[in-house]
Each structure stands twice: as structure tokens, then as C-alpha cells.
Protein chains: 2
Amino acid sequence: MLSKKTKYAFHALTYLGKNRDQKTVLIQDISNEYGISHKFLENILLELKKAGILGSKKGKGGGYYLIKDPKDVALSKVIRLLDGPIALLPCVSLNYYEPCVECKDEAACGLNKVMIQVRDEMLNVLENKTLADILDKE
Amino acid sequence: MLSKKTKYAFHALTYLGKNRDQKTVLIQDISNEYGISHKFLENILLELKKAGILGSKKGKGGGYYLIKDPKDVALSKVIRLLDGPIALLPCVSLNYYEPCVECKDEAACGLNKVMIQVRDEMLNVLENKTLADILDKE
DNA sequence: ATAAAACCTATTTATTTTATAGGGTAAAAA
DNA sequence: TTTTTACCCTATAAAATAAATAGGTTTTAT
């Protein structure tokens, strides 16, 4: 399951995507819209900014805005940023690989092979679908 | 990510599948093989038994054994049993559905639609691959 | 100057996962 | 029939992670 952090990130991105006509959007507006704690959302937006997805402007009249084209924001990127690995096992993660401690021989692990398949099927959707696809349907 | 519980369940099932020639296998043997706490594993095997995947025999010479044909144990069943939902959002879970609290209109949610796709791709593997597929590769 | 807003770091609280404890119960061997 | 063996069950504790909060700092428009 995705964490609330990731879910909130998607909500925020959706909101910002819908309001691209505005120069900036306040954290407050987004947290009001979805009933998310202001401070919690603040941390999330900061991460999205550090990742180069959002831009911001400080001071009066400031706020956040989408810096990337929605079609260039893959869903996988957002999930990895806030939640970490997409794969179901650390030993098949592309971005957060770790061997399974109890596994003697990864090459001979049947579970490993199936989970690679699952990962690839997930990525097939999550790498190709973007924020633009979400916005389309709203 | 799958929990350790689920991972251990797969290890145990693999071990039992490999040793189907024996009448029974001791918890101790499995926990030794993978370095899993005896008591923790005990709980997991019990759940697998309640779900009709394993059988057991009490008393001296007792232990656990596979009651189902490995090809009839879908990976999805094991995951749902120990971990719960496979879907990435509660609002797209087939077996553990719950609406997202912050979501006003599920039918108009773009994220919902994409996550249904992800779920279906995952299930396409996890429902069709079974314990037999894992055993094959070991 | 002042007010408004993002920025930053740390801490606390809550929840979930993992593990442990300790006995109860059934079955089989001797 | 006694004893051993190992499953069965419930409750609790410890650890890890996720979620939320706190309080100050910096920047900018007016």
C-alpha cells in the first residue's frame, strides 16, 4: 500500500496541475482542499521541490507551482521519492536493491524470479503513466 | 514491500514443497534452515493451516505438511493471507476495499483509475503463478 | 518596518510489524 | 497409563516505521 505521504503528494500534484493558470498556489489551499495537515504537507512539497518537480516562491504572494510538464512526471518517480521501493522484495528493487538476509543464493531463488516479473508489470504502468494521465481523467 | 511474515511463509512453503516425500516436517527444521524465530514461524504456519494450505500432525513424529498441490497455491493467496491487500490503494482493493477518506468522488479520481491498472497487472502474475512455479526454479 | 509565506531541523506521537512468553491440548510411543 | 513431543492459542513486549507537530529562520511584497 502507498503511504499517506505519497497519496498526499499525488493530491497536491493534481491540485497544482489543475491550477497551472495561477502563478502560485498556497500550501494552505491544498491542505484545506484535501483536509491534510498544513505542516505535514509542507514537508511533502519540500521533497517534491528538491526533486525538481515543483518550484516555489517565498514571501508574500509566494507559493508553489509545477515546474515540470505533467506529462514528464512519471508516477513511479513520485512513489519512489516519498515511499521508496516499488518492488515487493528488496532483492528485486532497481533503485533500492538489498539482498534478502535469509537468502543463500539469489540466482537459485524461485521467489526472486516471480517478483521480478511483478515488478516489471508494475513499472510498465507506473513508468509510463504520468501526472498528465491523472489530470485527464478528472 | 512484502512483510517478513509473508516472505517467511513463502520460504516455509518452498521447504515443505521440496520435502513432500517426508510425511511431516518440523517447525524447527524450517526455522533452522532460514534462521527464523521458531515461535514467529509457528504463528505463520498456523495461519497457513487455517487457510487450508497446510495440514499438521500432533504428537511424536508429528509436524507440518503441504495439503494442497503446489500448482493450486496461488501466490496472491499467500500474500493476502499474511499481508492483506495487494493493491496500492484501499479504494482499488478487491478483497480489502475501503474508500479513501480524503476522496470526494471516486468515479472522478484519476489516481484511482491508474491504480486499478497497476492492481490488474500485479494480479495477472500473482494469481497465475503458484508455489509450483517457485519450486520449479529451485 | 511589517506581514505573509516558504524553508529547515528536530522532536513527539501513533501505528504497525516483529518477536517473545508461557501455558494448554492432543497424539503417539513406550 | 504415563511421558514425551509438538501443535495450538492468547497475550504482551520490543522495535521499527509512519504520521504529525513544533518552533524558529529566511525571503519577498507592500
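Below, chains carry the letters A, B, ... as their sequence lines are ordered, and counting in each starts from 1.
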With the side chain of [X] defined as its heavy atoms from C-beta on, choose the nearest nucleotide among [options].
{"X": "A:H38", "options": "C:dA6, C:dC7, C:dT18", "result": "C:dA6"}
{"X": "A:S56", "options": "D:dT10, C:dA6, D:dT28", "result": "C:dA6"}
{"X": "A:K57", "options": "D:dA19, C:dA19, D:dT28", "result": "D:dT28"}
{"X": "A:L46", "options": "D:dT21, D:dC8, C:dC7", "result": "C:dC7"}
{"X": "B:N43", "options": "D:dT10, C:dA26, D:dA20", "result": "D:dT10"}
{"X": "A:Y8", "options": "D:dA20, C:dA19, D:dC7", "result": "D:dA20"}
{"X": "A:K60", "options": "C:dA4, D:dA19, C:dA28", "result": "C:dA4"}
{"X": "B:S3", "options": "D:dC7, C:dA5, C:dT18", "result": "C:dT18"}

Would you indicate, yes or no, if C:dT18 has its OP1 or OP2 atom less than 4.0 angstrom from a side-chain nitrogen or oxygen of B:S37? no
OP1 or OP2 of D:dT25 less than 4.0 angstrom from a side-chain nitrogen or oxygen of A:K58, does that happen here? no
Taking for each residue the nucleotide of DNA chain D bearing the nearest heavy atom, is the 5' side occupied by B:G59 or by B:Y64? B:G59
Just the rounded figure in Å: distance from [atom2] of [N] to [atom1] of [X].
{"X": "B:L26", "N": "D:dC7", "atom1": "CG", "atom2": "P", "answer": "6 Å"}
{"X": "B:L2", "N": "C:dT18", "atom1": "CG", "atom2": "C1'", "answer": "15 Å"}
{"X": "B:D29", "N": "D:dC7", "atom1": "CG", "atom2": "C1'", "answer": "15 Å"}
{"X": "B:I27", "N": "D:dT5", "atom1": "CD1", "atom2": "P", "answer": "15 Å"}
{"X": "B:L48", "N": "D:dC8", "atom1": "CG", "atom2": "P", "answer": "12 Å"}
{"X": "A:F40", "N": "C:dC7", "atom1": "CZ", "atom2": "C1'", "answer": "17 Å"}
{"X": "B:I44", "N": "C:dT18", "atom1": "CD1", "atom2": "P", "answer": "9 Å"}

Applying side-chain contact (heavy atoms from CB on, under 4.5 Å) between A:L54 and each of A:L45, A:V73, A:I67, report the one that passes. A:L45
Any donor-acceptor N/O pair, B:D83 side chain to B:T6 backbone, under 3.5 Å: no
Per nearest nucleotide of DNA chain C, the residue lying toward the 5' end, B:G61 or B:D83, is B:D83
Which part of the nucleic acid, if any, lies within contact of [X], taking any heavy atom under 4.0 Å across all strands shown: a base, the sugar-phosphate backbone alone, or nothing?
{"X": "A:K7", "answer": "nothing"}
{"X": "B:L45", "answer": "nothing"}
{"X": "A:E42", "answer": "base"}
{"X": "B:K39", "answer": "base"}

Closest approach of A:L16 to A:Y64 (non-hydrogen atoms, all atoms of both residues): CD2-O, 3.6 Å
salt_bridge(A:K5, A:E47) N-O dist < 4.0 Å: yes
Presence of salt bridge, B:K104 and A:E33, under 4.0 angstrom: yes
Within the structure provided, determine whether A:K7 and B:C100 are in side-chain contact (heavy-atom separation under 4.5 Å). yes
